[in-house]
K.L.:
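Once you've had a glance at the structure underneath, I'll fire off some questions.
A, B, ... follow the sequence lines: proteins, then strands. Residue 1 opens every chain.
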There are 2 protein chains.
Amino acid sequence: MQMKTIQPVTVFQALGDETRLRVVRLMVVAGDESCLCELVDSLMEPSYKLSRHLKVLRQAGVLVSRKEGRWVYHRLVSESPCLELLYKMVRALPDSQGVYGTDLKRFRERLRLREGGRCQVGVQSEALKDEVV
Amino acid sequence: MQMKTIQPVTVFQALGDETRLRVVRLMVVAGDESCLCELVDSLMEPSYKLSRHLKVLRQAGVLVSRKEGRWVYHRLVSESPCLELLYKMVRALPDSQGVYGTDLKRFRERLRLREGGRCQVGVQSEALKDEVV
DNA sequence: ATGATACTTGTACTATAGTGCAATAATGCA
DNA sequence: TGCATTATTGCACTATAGTACAAGTATCAT
């Protein structure tokens, strides 16, 4: 599932979306892996949307995903000098609207719900729970 | 014409195109400014196409343009720590297809046509000259 | 087995980006 | 002034990306 060589254009395209950049920034700064529901609660975006964006990041080789039970944990790929430089740049990006800061704050709070370092719950934000009525 | 704050997403979008990345890579590695016709001869792409791509890079705040007679010289913006990190990453990108290398080679040859450090001629590649018949 | 939970994806829709041709500035030279 | 040269842009066309809803898959608990 790993890419042989990174495709520079694809990587930049992957970062060229507000939602995806929020994900990458969050993971760069937090330095932790995350499952989908934690990202949903951190970014306050619907799961189907984030799931698609995570797929784009994965296909670009920026992210790898690991399934553990019902949860899928995502983390940044850190085996490439180029990507490391990219993350360094992402970490240095200004947070003019405070969005990245808010995402991080919510993420850190959400991490407190883990038990034994593992996520045990689903989406907490009422408005974003899949209303399977 | 300078941007107050850089818009991260816009910058990544600007780099997320093959042609524009070739331009940026060329300028990062060559470390020189360039006019449109020099870029046309280096990348072997039509001038109207490159002109549009240069505009995108300019609007993203990655590039500034300076008019001098009939020529317009373009150079990378280097007043931002973020952009410097980005250039460092671009410089480290693999050149798997050898495209960047070929662009650079042609660019260096093209620079020899300058006199007094200034471009004095237009597009040299016959196939790309605007056929104003 | 049944149902709940965590996540993914088929489909349809809309908006935007990239391209090529042709026309249009803008500048300098004879 | 007229014309060649350097560069930009209006327009039409096509392809692709992002979104939302709803349906689907995979896993676990009871």
K.L.:
Roughly how many Å is it from NZ in B:Lys129 to C1' in C:dA22, rounded to a whole number?
P.N.:
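These atoms are roughly 21 Å apart.
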K.L.:
Rounded to the nearest 0.5 Å, what separation is found between the CD atom of B:Glu18 and the CZ atom of A:Phe12?
P.N.:
11.0 Å
K.L.:
Without decimals, in angstroms, what is the distance between A:Arg66 CZ and D:dA26 C1'?
P.N.:
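My rounded result for the distance is 17 Å.
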K.L.:
Report yes if a side-chain nitrogen or oxygen of A:Arg70 is closer than 4.0 Å to either non-bridging phosphate oxygen (OP1 or OP2) of D:dT25; otherwise report no.
P.N.:
no
K.L.:
Looking at B:Tyr48, I'd like to know whether one of its side-chain N or O atoms comes within less than 4.0 Å of OP1 or OP2 on C:dG20.
P.N.:
yes
K.L.:
Here's a test for you: under salt bridge (charged side-chain N to carboxylate O under 4.0 Å, His left out), which of B:Arg25, B:Arg110, B:Arg22 qualifies with B:Asp103?
P.N.:
B:Arg22
K.L.:
Check the distance between D:dA17's P and A:Leu15's CG and give it to me in whole angstrom.
P.N.:
16 Å
K.L.:
Rounded to the Å, how far apart are A:Leu128 CG and C:dA6 C1'?
P.N.:
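Atom CG in A:Leu128 sits about 14 Å away from atom C1' in C:dA6.
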K.L.:
Do B:His74 and B:Ser34 pair up side chain to side chain, a donor and an acceptor below 3.5 Å, judged on atom types alone?
P.N.:
no
K.L.:
Among C:dA6, D:dT8, C:dA26, find the nucleotide with the atom closest to the side chain of A:Trp71.
P.N.:
C:dA6
K.L.:
Think B:Lys55 has a side-chain N or O under 4.0 angstrom from the OP1 or OP2 of D:dT9?
P.N.:
yes
K.L.:
Does the side chain of A:His53 get closer than 4.0 angstrom to OP1 or OP2 of D:dA17 through an N or O atom?
P.N.:
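False: A:His53 side-chain N/O out of range (4.0 Å or more) of D:dA17 OP1/OP2.
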K.L.:
For A:Val121, which contact category applies under a 4.0 Å heavy-atom criterion: base, sugar-phosphate, or nothing?
P.N.:
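It contacts sugar-phosphate atoms only.
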K.L.:
Under the 6.0 Å and 45° cation-pi test, does A:Arg118 pair with A:Tyr73?
P.N.:
yes
K.L.:
So which one's nearest nucleotide on DNA chain D is more toward 5', A:Gly16 or A:Gly69?
P.N.:
A:Gly16
K.L.:
With respect to the side chain of A:Arg52, which nucleotide from D:dA26, D:dC21, C:dA26 is positioned closest?
P.N.:
D:dC21
K.L.:
Calculate the interatomic distance between B:Asp17 atom CG and C:dT19 atom C1'; express it in whole Å.
P.N.:
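That distance rounds to 11 Å.
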K.L.:
Which nucleotide in the set C:dG20, D:dT9, D:dT27 lies at the smallest distance from any side-chain heavy atom of B:Ser51?
P.N.:
D:dT9
K.L.:
Rounded to whole angstroms, how far apart are CD on A:Glu18 and P on D:dT19?
P.N.:
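Spelled out: CD on A:Glu18 to P on D:dT19 is 10 Å.
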K.L.:
Would you say A:Lys49 reaches D:dG18's phosphate, i.e. side-chain N/O to OP1/OP2 under 4.0 Å?
P.N.:
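Checking A:Lys49 against D:dG18: no side-chain N or O falls below 4.0 Å of OP1 or OP2.
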K.L.:
How many Å lie between CG on B:Leu21 and P on C:dG18, as a whole number?
P.N.:
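Rounded to whole Å, this separation is 13 Å.
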K.L.:
Select one nucleotide: of D:dT8, C:dG18, D:dG18, the one nearest the side-chain heavy atoms of B:Ser47.
P.N.:
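Per side-chain heavy atoms of B:Ser47, the pick is D:dT8.
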K.L.:
Heavy-atom distance under 4.5 Å between the side chains of B:Val72 and B:Leu36, does that happen here?
P.N.:
no
K.L.:
Could you give the CD-to-C1' distance, from B:Glu68 to D:dA7, as a whole number of Å?
P.N.:
15 Å
K.L.:
Where the side chain of A:Lys67 is concerned, which of C:dG20, D:dA26, D:dT8 is the nearest nucleotide?
P.N.:
D:dA26
